[in-house]
Participant: 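Take a look at the following structure, please.
Reminder, nothing fancy here: chain letters follow the sequence lines and each chain counts from 1. Please read these numbers as outputs of a predicted model, since none were measured by experiment.
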Amino acid sequence: MWKPISRAQLPADTVELARFLIGGCLVRNSIEGVTTGRIVETEAYPIGDSASHAFKGPVPRAQAMFLNLGHAYVYLIYGSSYCVNVVSEQAEIGAAVLIRALEPLAGIEIMTARRRGARRIDLARGPGRLTAAMAIDSTFNGLDLCAAGPLFLSEHENAAATVKRSCRIGLTRNADARLRFYEAGSAFLSGPKYLSP
DNA sequence: TTGGCGATTGGCT
DNA sequence: GCCAATCGCCAAT
């Protein structure tokens with residue numbers, strides 16, 4: 001029913017991949033059932049970006065960023081929230097795209113239970129919220145997202161009509177770079193409204 | 001060993 | 001809109 005995307009379809013460039021992923025689909029196959037979401041917001045962390053965890057080289061935490069295109073980089077932030085990224089360059093380079101928000105599609109009830117009854121609009125609006133809704137944690141770090149398994153990217157079902165860009169959210173270093181991408185008009189975006197006109 | 005800080009969230013004003 | 005919670009990581013001691 002849901003088919004993993006082939007690696008050859010993914011642009012091997014961080015900024016291009018961040019734009020490409022808008023409108024794509026993330027699929028989570030768990031013991032509780034299948035949950036899926038349409039990607040509506042991403043951020044690029046390209047080569048040489050001082051805000052990237054890969055900026056200082058392959059330190060232990062960021063090692064998964066140095067895997068090949070299409071693998072997962074998952075880390076814990078602020079002690080409580082996981083963030084999931086798609087590795088965006090060839091092996092040993094070190095760059096990724098953060099998935100910041102999903103439009104919930106299948107398995108709404110499962111996601112609602114995981115998110116303690118949050119409204120549908122808030123289920124996967126924000127990087128930590130979407131990992132909670134999809135039950136993604138550090139055990140997924142390094143997983144190939146282009147292969148059938150518990151978590152993968154699938155073919156686009158509804159292409160985004162209009163993709164816009166803004167500066168990224170929550171950063172101190174390199175905070176002015178306009179490396180956030182979002183689907184214009186989506187009701188499922190995170191961050192302050194003025195960043196999503 | 002220790003202290004400060006983070007690609008955030010949720011609750012309260 | 002503001003702010004505390006929370007804990008792994010890393011740089012400095």
Side-chain angles (χ1 to χ4, degrees), chain A residues 13-22 24 26 37 39-67 71-89 93-104 111-143 145 151 153 164-183 186-196:
Chain A
D13 173 89
T14 304
V15 172
E16 282 180 35
L17 180 67
R19 182 185 290 271
F20 171 85
L21 286 176
I22 303 294
L26 189 65
I39 299 168
V40 294
E41 181 182 349
T42 61
E43 281 178 358
Y45 289 86
I47 302 164
D49 173 20
S50 59
S52 169
H53 293 168
F55 187 64
K56 292 172 184 168
V59 294
R61 168 167 82 153
Q63 268 184 3
M65 289 183 77
F66 293 80
L67 295 172
H71 286 74
Y73 167 49
V74 182
Y75 66 90
L76 183 67
I77 188 67
Y78 294 112
S80 51
S81 300
Y82 289 99
C83 294
V84 63
N85 299 249
V86 182
V87 176
S88 54
E89 303 279 348
I93 291 183
V97 172
L98 171 69
I99 301 178
R100 282 198 61 94
L102 300 176
E103 174 182 343
M111 289 193 266
T112 304
R114 287 175 181 153
R115 291 270 297 120
R116 299 159 151 262
R119 297 171 310 176
R120 178 163 182 260
I121 210 81
D122 294 324
L123 280 183
R125 199 173 60 80
R129 290 168 175 167
L130 79 89
T131 54
M134 301 284 273
I136 296 168
D137 61 26
S138 58
T139 63
F140 292 85
N141 192 36
L143 187 76
L145 299 175
L151 182 69
L153 293 165
K164 294 191 174 182
R165 63 194 292 178
S166 75
C167 63
R168 295 173 293 183
I169 295 172
L171 301 186
T172 52
R173 288 172 301 210
N174 203 6
D176 295 332
R178 296 177 68 249
L179 292 171
R180 171 178 175 265
F181 294 85
Y182 62 95
E183 178 178 40
S186 171
F188 301 94
L189 302 176
S190 70
K193 279 194 171 174
Y194 68 86
L195 283 181
S196 305

Participant: With a centroid cutoff of 5.5 Å and a plane-angle limit of 30°, would you call A:Y78 stacked on C:dA5?
Facilitator: no

Participant: Check whether any side-chain N or O of A:T172 sits under 4.0 Å from OP1 or OP2 of B:dG6, and answer yes or no.
Facilitator: yes

Participant: What is the pairing partner of B:dA7, taking Watson-Crick or G-U wobble pairs with both distances under 3.5 Å in any strand?
Facilitator: none

Participant: With distance as the sole test, does A:R129 use its side chain to make a donor-acceptor pair with the main-chain N or O of A:R125 at under 3.5 Å?
Facilitator: yes

Participant: When the distance from CG of A:L195 to P of B:dA7 is rounded to whole Å, what number comes out?
Facilitator: 16 Å

Participant: Roughly, in whole Å, what's the span from CG in A:L130 to C1' in B:dG10?
Facilitator: 16 Å

Participant: Check whether NZ of the Lys or CZ of the Arg A:R168 lies under 6.0 Å from the centre of the six-membered ring of A:Y45 and within 45 degrees of that ring's axis.
Facilitator: yes

Participant: Looking at B:dT8, I'd like to know if its phosphate oxygens (OP1 or OP2) sit under 4.0 Å from a side-chain N or O belonging to A:R100.
Facilitator: yes

Participant: What is the separation between atom CD on A:E41 and atom P on B:dA7, rounded to the nearest whole Å?
Facilitator: 16 Å

Participant: Let me see the working for A:E41 and A:S190 under side chain to side chain donor-acceptor pair (under 3.5 Å), right down to the final yes or no.
Facilitator: CA-CA 8 Å; A:E41 181 182 349; A:S190 70; 2.9 Å; yes

Participant: Would you tell me if any nitrogen or oxygen in the side chain of A:R115 comes within less than 4.0 Å of OP1 or OP2 on B:dT9?
Facilitator: no

Participant: Please measure how far the P atom in B:dA7 lies from the corresponding atom in C:dG1, and state the result in whole Å.
Facilitator: 22 Å

Participant: If I take atom CZ from residue A:F55 and atom CG from residue A:N174, how far apart are they, to the nearest 0.5 angstrom?
Facilitator: 9.0 Å

Participant: Any base atoms under 4.0 Å from A:S81, or only sugar-phosphate, or nothing? Heavy atoms, all strands.
Facilitator: sugar-phosphate

Participant: Could you check which nucleotide pairs with C:dT6 in any of the strands shown, counting Watson-Crick or G-U wobble with both distances under 3.5 Å?
Facilitator: none

Participant: Between A:D122 (CG) and B:dT8 (P), how many Å, whole number?
Facilitator: 16 Å

Participant: Please state how far atom NE2 in A:H53 lies from atom P in C:dC10, giving the value in whole angstrom units.
Facilitator: 9 Å

Participant: Is the phosphate of B:dG6, meaning OP1 or OP2, less than 4.0 Å from a side-chain N or O of A:R61?
Facilitator: no

Participant: With side chain to side chain donor-acceptor pair (under 3.5 Å) as the test, would you mind laying out the steps for A:S50 and A:R173 before giving the verdict?
Facilitator: CA-CA 6 Å; A:S50 59; A:R173 288 172 301 210; 5.4 Å; no

Participant: Nearest whole Å is fine: how far is B:dT9 P from A:L76 CG?
Facilitator: 12 Å

Participant: Round to the nearest Å and state the distance from A:R168 atom CZ to B:dT8 atom C1'.
Facilitator: 16 Å

Participant: How many Å lie between CZ on A:F55 and P on C:dC10, as a whole number?
Facilitator: 15 Å

Participant: Closest nucleotide of DNA chain B for A:E43 versus for A:R129: which of these residues is on the 5' side?
Facilitator: A:E43

